[in-house]
Enquirer: 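So that we are looking at the same thing, I have put the structure below in structure tokens.
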Amino acid sequence: MSYRRGALIVLEGVDRAGKTTQCQKLVQALQQSGRAAEMIRFPDRATKIGQLISSYLEKKSNLEDHTVHLLFSANRWEMVPLMKQKLEQGINLVVDRYAFSGVAFTSAKPGFSLEWCMNPDMGLPKPDLVIFLQLNPSMAANRGEYGIERYETSAFQRTVQQRFEELMQDSSVNWKVIDAARTIEEVHKDIKLLSEDIISLAENQPVGELWR
Ligand code: ADP
Ligand code: 2DT
């Protein structure tokens, strides 16, 4: 047993489903149980590409729709060497949004097919587990007003949810849907159990390639 890599665990879901809250709690819980774990998030607004994306999301600049889609994908690819390095070092990565958000958000715009949107992300490190935090729009509304960034409208978020549901039909990805309408602790307990199982399963397997 010389090869013990970390697991790649992604949390997805619509706005305010609790992704950030749960990523933070999962990293903390894994660390407390003696496992190496780190959180990353996409978009990573700190890089040069991330700054272009951030300015677009804040509506400080406009970008053509295909172009911004490719920038979101490039923002993942630029992190791949570091992600692979950490996984090989045995660090479990907990990721707040990944290629699934990329596809769900762009394909919610008119004229974009799922297939076109998936293409640039094909071959990314494949998550060992993708947890989808399921929350209906009225529950999401109870968690506060939408912000002022691009995409933060209920009509757009409904279409995004439909696109996520289409993506979840793909059995090549290890999707687990969790009811995110419960308390933070209840949701966390489920996520922790699923993650511990996948960490044991993944540790002796190579990292796969997404959508290939
Ligand atoms: P996301 O990252 O999916 O947009 P956040 O984790 O930022 O969601 O949570 C959005 C808001 O909802 C925050 O104010 C957070 O404290 C709250 N929240 C998160 N999970 C729950 C929950 N299970 N029940 C009630 N409120 C929650
Ligand atoms: P937050 O930083 O609040 O999560 O918002 N998005 C995200 C895309 O359109 N494409 C992507 O590839 C990714 C990762 C979702 C980020 C916003 O950017 C959207 C909401």
Side-chain angles (χ1 to χ4, degrees), residues 10-28 39-47 49-80 83 94-109 112 114 116-122 124 127 130-154 156-161 163-164 167 177-192 210-211:
V10 170
L11 270 74
E12 286 281 9
V14 292
D15 248 53
R16 290 169 304 175
K19 297 178 295 300
T20 304
T21 306
Q22 294 296 335
C23 281
Q24 287 166 346
K25 282 187 75 75
L26 178 60
V27 167
Q28 228 174 22
M39 177 174 167
I40 54 176
R41 65 179 310 144
F42 292 109
D44 175 351
R45 301 187 192 215
T47 69
I49 294 169
Q51 284 163 20
L52 292 174
I53 292 171
S54 187
S55 154
Y56 170 81
L57 288 171
E58 292 169 13
K59 299 180 189 161
K60 290 180 182 159
S61 65
N62 283 317
L63 289 166
E64 192 275 333
D65 288 331
H66 299 79
T67 310
V68 75
H69 182 74
L70 296 173
L71 287 176
F72 274 110
S73 177
N75 185 235
R76 283 182 280 281
W77 280 106
E78 66 179 336
M79 291 298 289
V80 167
M83 288 170 70
V94 177
V95 188
D96 189 344
R97 295 191 191 276
Y98 200 50
F100 314 98
S101 276
V103 174
F105 278 76
T106 302
S107 69
K109 297 176 178 179
F112 283 87
L114 281 192
W116 188 91
C117 294
M118 287 160 84
N119 253 297
D121 285 314
M122 281 181 188
L124 279 177
V130 187
I131 295 171
F132 186 79
L133 297 178
Q134 187 83 261
L135 188 72
N136 70 41
S138 61
M139 288 293 290
N142 287 340
R143 292 186 184 173
E145 296 292 313
Y146 280 113
I148 52 157
E149 287 207 334
R150 217 177 275 267
Y151 304 144
E152 294 185 329
T153 66
S154 53
F156 193 77
Q157 295 278 329
R158 271 198 301 277
T159 314
V160 169
Q161 167 72 25
R163 296 294 174 263
F164 272 126
L167 284 172
V177 180
I178 286 207
D179 174 10
R182 296 168 297 155
T183 67
I184 291 176
E185 285 307 324
E186 283 168 333
V187 176
H188 168 65
K189 207 169 135 216
D190 282 4
I191 292 177
K192 186 165 167 271
L210 180 63
W211 294 327

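For clarity, every value in this text was computed on a predicted model and none was experimentally measured. In listed order, ligands and their atoms are each counted from 1. Along the sequence shown, residues are numbered consecutively beginning with 1.
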Enquirer: Can you check whether His66 and Phe112 have ring centres sitting under 6.0 Å from each other?
Expert: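 Yes, they do, as the ring centres are separated by less than 6.0 Å.
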Enquirer: Quick one: does atom 10 (C) of ligand 1 have a protein heavy atom under 4.0 Å from it?
Expert: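 Given the 4.0 Å limit, the answer for atom 10 (C) of ligand 1 is yes, a protein heavy atom qualifies.
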Enquirer: What protein heavy atom is closest to atom 8 (C) of ligand 2, reported as residue, atom name and distance in Å?
Expert: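 Minimum-distance protein heavy atom for atom 8 (C) of ligand 2 reads Phe72 CZ, 3.4 Å.
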Enquirer: Could you work out, for atom 1 (P) of ligand 2, the closest of Arg45, Lys109, Glu149 by heavy-atom distance?
Expert: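 That would be Arg45.
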Enquirer: Which residue supplies the protein heavy atom nearest to atom 24 (N) of ligand 1, what is that atom called, and how far is it?
Expert: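 Nearest neighbour among protein heavy atoms for atom 24 (N) of ligand 1, to 0.1 Å: Arg143 NH2, 3.3 Å.
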Enquirer: How about atom 14 (O) of ligand 1: does it have a protein heavy atom within less than 4.0 Å?
Expert: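 Flag for atom 14 (O) of ligand 1 set to false, no protein heavy atom closer than 4.0 Å.
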Enquirer: Any idea which protein heavy atom is nearest atom 4 (O) of ligand 2, and the distance to it?
Expert: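 Of the protein heavy atoms, Arg97 NE, 2.7 Å lies nearest.
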Enquirer: Taking only residues two or more places apart in sequence, or in another chain, which ones meet Arg158 in a salt bridge (charged side-chain N to carboxylate O under 4.0 Å, His left out)?
Expert: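 Listed in chain order: nothing, the list is empty.
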Enquirer: Knowing that exactly one of Val94, Val10, Ile178 qualifies, which makes a side chain to side chain contact (heavy atoms under 4.5 Å, CB included) with Ile131?
Expert: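 Answer after filtering Val94, Val10, Ile178: Ile178.
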Enquirer: List the closest protein heavy-atom neighbour of atom 16 (C) of ligand 2: residue, atom name, distance to the nearest 0.1 Å.
Expert: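 Sorting protein heavy atoms by distance from atom 16 (C) of ligand 2 puts Pro43 CD, 3.7 Å first.
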Enquirer: Check whether more than 12 heavy atoms from other residues, nucleotides or ligands sit under 6.0 Å from atom CD of Glu145, and answer yes or no.
Expert: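 No, the 6.0 Å shell around CD holds no more than 12 heavy atoms from other groups.
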Enquirer: With sequence neighbours left out, write down each residue that passes salt bridge (charged side-chain N to carboxylate O under 4.0 Å, His left out) with Lys60, or none if nothing qualifies.
Expert: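 Only Glu58 meet the salt bridge (charged side-chain N to carboxylate O under 4.0 Å, His left out) criterion with Lys60.
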Enquirer: Using a 4.0 Å cut-off to any heavy atom of Tyr151, which atoms of ligand 2 qualify?
Expert: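 Matching atoms, with element in brackets: 9 (O).
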Enquirer: So which protein heavy atom does atom 12 (O) of ligand 2 come closest to, and at what separation?
Expert: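 Ranking protein heavy atoms by distance from atom 12 (O) of ligand 2, first comes Arg76 NH1, 2.7 Å.
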Enquirer: State plainly whether the residues Asp15 and Arg97 are in salt-bridge range, i.e. N to O under 4.0 Å.
Expert: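 Salt bridge flag = yes for Arg97 with Asp15.
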Enquirer: If you have a sec, work out which protein heavy atom is nearest atom 9 (O) of ligand 2 and how many Å separate them, to one decimal?
Expert: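 Residue, atom and distance for the closest contact: Phe105 CB, 3.3 Å.
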Enquirer: Taking only non-hydrogen atoms of His69, do any sit less than 4.0 angstrom from ligand 2?
Expert: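 No.
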